[in-house]
Amino acid sequence: MSGSKEDSRRASSDWRDFFWNPRTHELLGRTATSWGLVLLFYLVFYLFLAGLFALTMYILLLTLDDYKPTWQDRLGTPGERDEPGYHGDAAR
């Protein structure tokens, strides 16, 4: 029984040393320089993605006209029919 308690303490100590190791000044296995490089990479990466999105939206908005819609899905006059094979009263 005492072996399992000792193993439990050792596992707890190992976990605490992994979270913060005072000998090597590591947090979760990384030094401050390593964490800085990871944060710098992700900062640059997400800034690039945001810039790419902004550029894409800017180019998309350049293609749109403010006064005329690109797609007109309504019929020109009320009562007009648009069916395949329909020729009005002449087809009867």
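In what follows, residues are counted from 1 in the order of the sequence shown.
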Q: Given the rule that I, L, V, M, F, W and Y join up when any side-chain heavy atoms are under 4.5 Å apart, are L39 and Y46 in one cluster?
A: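 No, L39 and Y46 fall in different hydrophobic clusters.
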Q: So, for W35 and R30, which heavy atoms are closest and what is the spacing to 0.1 Å?
A: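 Nearest pair, atom of W35 first, then R30: NE1-CB, 3.2 Å.
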Q: Apart from V44 itself, what residues make up its hydrophobic cluster when side-chain heavy atoms of I, L, V, M, F, W and Y under 4.5 Å apart count as a link, directly or indirectly?
A: L40
Q: In residues 56-64, what donor-acceptor pairs under 3.5 Å come from side-chain atoms, sequence neighbours left out?
A:
residue: T56; atom: OG1; partner: L52; partner atom: O; Å: 2.8
residue: T63; atom: OG1; partner: L60; partner atom: O; Å: 2.6

Q: Would you say F45 ends up clustered with L43 if hydrophobic residues are merged whenever their side chains have heavy atoms under 4.5 Å apart, either directly or through other cluster members?
A: no
Q: Measure the shortest side-chain to side-chain distance between L37 and S34 over non-hydrogen atoms and say whether it is less than 4.5 angstrom.
A: no
